[in-house]
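All heavy atoms count here, side chains included; hydrogens, waters and symmetry mates do not. Note on naming: letters A, B, ... go to the chains in the order of the sequence lines (proteins, then strands), and numbering restarts at 1 for each one.
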Amino acid sequence: MGLAAAYWIMAVVAVLAALGVVFLRNVFRAALSLVLCFITVAGLYITLSADFLAAVQILVYVGAISVLIILAVMMTREVQQGSPANRLKIPAFIVAAVVLGIMIYTVTATSWQVASAAPLAPTTVPLAGKLFSESGFILPVEIAAMLILAAILGAIVIAREK
Amino acid sequence: MNLALLIPEITLAVFAVLVILLDLGVRQKTVLRSVALAGLVIAGGVTAAMWGGSYPAQFSNMLAVDHFALFFKLLFAGIAFLVILASADYVDKFARFQGEYYALILLSTLGMMLMAATADLISLYIALELTSISLYVLVGFLKDRKSTEASLKYLLLGAIASAVLLYGMALIFGYTGQTQLGAIARAIQSMPPSAVMDSPALLMGIVMLIAGFGFKIAAVPFQMWVPDVYEGAPTPVTAYLSVGSKAAGFAIILRVFFSAFGMPDWLSANWGAIFAVLAVISMIVGNVAAIPQANIKRLLGYSSIAQAGYLMVGLATFGFAPASSVLGQSGILFFLASYALTNLGAFIAVIAISNKIGSDEIADFAGMFKRAPVLALALTFCLVSLIGMPPAAGFMAKFYIFSAAAQNGLLWLVVIAAINSVISAYYYLRVVKVMWSGEAASGEKVPSSGAPRLALFICCLGVLLLGVIPGLVMRLAEVAGRLFAF
């Protein structure tokens with residue numbers, strides 16, 4: 001009961017914070033609103049007993065990515081003027097509303113498969129076993145290593161003078 | 001797990017790192033090119049040596065080592081080899097970043113190889129991102145206004161496409177509880193058909209996958225990035241994008257849709273119909289929009305959209321008759337091989353010409369026959385192949401795909417494709433006409449250096465061989481097209 005209440009409170013706050021990201025004119029406030037959204041999503045993960053995911057969400061999104069965004073905002077001039085007005089506001093709203101409608105229909109009209117086993121708690125140790133074992137997801141982990149190498153090379157190329 | 005089966009991929013990863021390390025100490029940067037080429041030759045050679053054997057899937061069915069994957073690995077190694085050869089002079093424009101350039105080409109080739117081989121949604125997504133991120137950077141290598149804009153546009157639209165793709169994967173995972181393609185197929189087949197039909201999640205997931213992959217293959221309506229990115233990117237990268245990225249996208253579509261959604265028949269007919277519609281609009285939009293283009297890179301960009309349309313005629317065939325359409329699948333593989341050679345040939349000729357005259361405008365190609373007869377002839381031959389006229393490879397490629405479609409009751413689609421081929425002849429031949437009859441701006445010759453000339457020779461020879469004796473590659477494509485299910 002308490003868990004369900006926590007879930008709904010955080011779900012509502014997450015949606016409101018996400019709306020704030022879109023509607024706040026001041027970029028810095030929008031960034032802070034995004035941080036709030038990230039934190040509540042981490043909370044949602046906890047109520048769904050995905051503790052490792054929640055910790056990663058806090059570390060990566062609330063920690064690193066938020067700092068990155070705020071730093072970028074600080075380094076950008078003319079932040080005070082806020083985001084420019086957008087001529088495509090109404091078409092974008094219509095498209096977003098249609099997509100939202102379709103997705104709500106999809107999610108509610110489908111009879112989802114529900115796992116028969118209870119969720120694991122805590123998940124961190126079994127996840128490590130899954131990620132780094134040969135019968136698990138070691139291949140995507142290794143590909144991700146190459147992906148990060150490519151990203152570092154890209155950062156070098158973009159940052160250095162020609 | 002047998003790491004020996006991963007030698008092509010591991011070789012590329014090792015050589016990419018080797019190129020970066022050598023870049024630190026080596027003054028003579030052409031060494032880097034040779035090292036990158038050597039890596040591709042080894043990777044391609046090992047792949048070719050593995051042909052004919054039968055190997056178990058690795059990493060608990062996450063990575064298939066079948067002939068389909070081997071075919072594409074060989075294709076990607078060949079494409080990257082030709083692109084690197086063709087970049088020989090072009091890299092002077094970013095002399096400081098040669099090491100990164102070759103390393104990123106190798107890494108994106110690695111990503112494409114993994115894309116063709118992976119049989120699991122998670123590793124598929126990461127392999128796709130490895131390819132994409134390398135390409136985003138490669139597009140921005142010139143660091144001028146157009147190139148940077150192209151790179152940013154590609155990154156932003158690519159990120160949206162990735163998000164849509166992930167959403168689709170999440171829906172499919174949520175519905176079936178599986179990420180492995182074979183397991184997804186089994187989960188779908190074990191459900192009562194009425195339950196599958198009543199739940200929109202699976203169909204919605206499939207639609208989103210098509211949107212995400214459609215971005216990779218530049219199908220209309222997911223093509224808006226193509227003209228600007230093709231124009232702004234360094235021309236060798238444009239060439240690489242237009243064939244490598246597209247072939248990887250088709251490889252993924254073929255594997256995912258055949259392995260996971262190939263059965264039951266009504267499901268595959270559903271996505272076959274989506275591909276049929278996309279094929280029609282891609283062909284029409286690509287060909288009509290190509291007509292007024294004045295820039296050769298933009299023209300080839302729109303032409304690549306139209307070519308994706310012809311290829312999707314094959315996908316539609318594949319959806320309507322997955323069990324019997326061996327010709328449909330192998331036709332797509334043959335088309336991709338011939339398209340790779342043809343389009344690379346066209347781009348290499350463009351690189352060689354515009355590197356010397358300093359312009360990509362078609363009008364500046366006037367009288368090129370007098371200034372660079374060999375290049376003009378090669379470009380003409382490749383454009384003729386893109387139209388689909390004999391004796392070039394493009395003719396046989398279109399013949400295989402269209403005849404498979406006609407045999408499987410898609411005659412209307414073939415008729416539309418044929419009309420489009422006629423439209424396309426107009427703008428391809430316009431370039432030819434400018435080159436052969438236009439008045440040259442100057443009598444100065446346009447010389448070209450050895451490596452691009454070698455690459456151009458390989459492409460034109462390949463286009464001719466595939467056009468005259470298609471049976472050789474077609475046999476490989478048939479072997480590659482038959483397997484999948486596991």
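When every heavy atom of A:S111 is checked against every heavy atom of B:Y175, the shortest pair comes out as O-CE1, 4.0 Å. The shortest heavy-atom contact between B:S60 and A:G136 is OG-O, 4.3 Å. Residues A:F137 and B:M62 come closest through the heavy atom pair CD2-CE, 3.2 Å. Across every non-hydrogen atom of A:T106 and B:A201, the tightest pair is CG2-CA, 3.5 Å. Residues B:I126 and A:A144 approach most closely at CG2-N, 3.8 Å, considering heavy atoms. Taking both residues in full, the closest heavy atoms of A:L139 and B:F59 are given as CD1-CE1, 3.7 Å, listed atom of the first, atom of the second, then distance.
When each of B:L114, B:L107, B:I133 is paired with A:M146, the side chain to side chain contact (heavy atoms under 4.5 Å, CB included) condition holds for B:L107 and for no other.
Only the backbone of B:T176 has a heavy atom closer than 4.5 Å to any heavy atom of chain A. For chain B, no part of A:I148 is nearby; none of its heavy atoms comes within less than 4.5 Å. If you measure heavy-atom distances from A:I143 to chain B, the contacts under 4.5 Å come from both the backbone and the side chain.
Counting heavy-atom pairs closer than 4.5 Å to chain A, the top residue among B:Y101, B:Y167, B:F94 is B:Y167. Of the listed residues (B:S151, B:G174, B:S134), the one with the most heavy-atom contacts under 4.5 Å to chain A is B:G174. Contact count against chain A (heavy-atom pairs under 4.5 Å) is highest for B:R96 among B:R96, B:M191, B:E100, B:E129. When each of B:D120, B:T148, B:L171 is scored by its heavy-atom pairs under 4.5 Å with chain A, the top score falls to B:L171.
Few gaps surround CG on B:L24; more than 12 heavy atoms of other groups in view lie less than 6.0 Å from it. More than 12 heavy atoms of other residues, nucleotides or ligands sit less than 6.0 Å from atom CH2 of A:W112. Dense packing is recorded around OH of B:Y55, with more than 12 heavy atoms of other residues, nucleotides or ligands lying under 6.0 Å away.
For the pair B:S199 (side chain) and A:T110 (backbone), a donor-acceptor distance under 3.5 Å is absent.
Within the 4.5 Å cutoff, the side chain of A:L149 has heavy atoms near those of the B:I20 side chain.
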